[in-house]
Amino acid sequence: MALPGRGVSRNHAALHSKRWALTRLQAFERDGWRCTNCGAAGRLEAHHEPPLRAGADPYDLAGIRTLCRNCHLQHHQGESETPGRAEWRDFVAEML
């Protein structure tokens, strides 16, 4: 559930726990310490799909994706074109 006026969820508080730090490292290790979007090994971040504000479990490894800082920013700005995303967007546009 999102906090009023904040655009974040109560689940975001979990991102300051030791359990989260371990979960994040497990996701990075699983993904070979590389961005799952572009393959970069630079500054890595963990991205939740579905987002925490939608009620996702912050510790569910299946819902965490390793992204580099650039891809993570692009994703949240809606500019990232992950494999299949452009095709899906075009399909939906044709259906409307």
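D57 and L52 make their closest contact through C-CD2, 4.5 Å (heavy atoms, listed as atom of the first residue, atom of the second, distance). The two residues P50 and A56 have their closest heavy-atom pair at O-CB, 3.1 Å. The two residues A41 and R34 make their nearest non-hydrogen contact at CB-NH1, 3.2 Å. Residue L61 comes nearest to T23 through the heavy atom pair CD2-O, 3.6 Å, listed as atom of the first residue, atom of the second, then distance.
A 4.5 Å side-chain heavy-atom check between E45 and C68 finds every atom pair outside the cut-off. Contact of the R65 side chain with the H48 side chain is not registered, since no non-hydrogen atoms from C-beta on lie closer than 4.5 Å. Within the 4.5 Å cutoff, no side-chain heavy atoms of F28 are placed close to those of I64.
Put simply, CG on L73 and NE2 on H47 are 11.5 Å apart, with the number rounded to the nearest 0.5 Å. Taking CG from L67 and SG from C38, the interatomic distance works out to 8.5 Å, rounded to the nearest 0.5 Å. Here the NE2-CZ distance, from H72 to R43, works out to 10.5 Å after rounding to the nearest 0.5 Å. Taking CZ from R24 and OH from Y59, the interatomic distance works out to 13.5 Å, rounded to the nearest 0.5 Å.
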* **Test log, rule side chain to side chain contact (heavy atoms under 4.5 Å, CB included), inputs L44 and R69** => CA-CA 6 Å; L44 299 176; R69 178 74 175 152; over 6 Å; no
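T66 places no side-chain N or O within 3.5 Å of a backbone atom of C35 that could act as its donor or acceptor partner.
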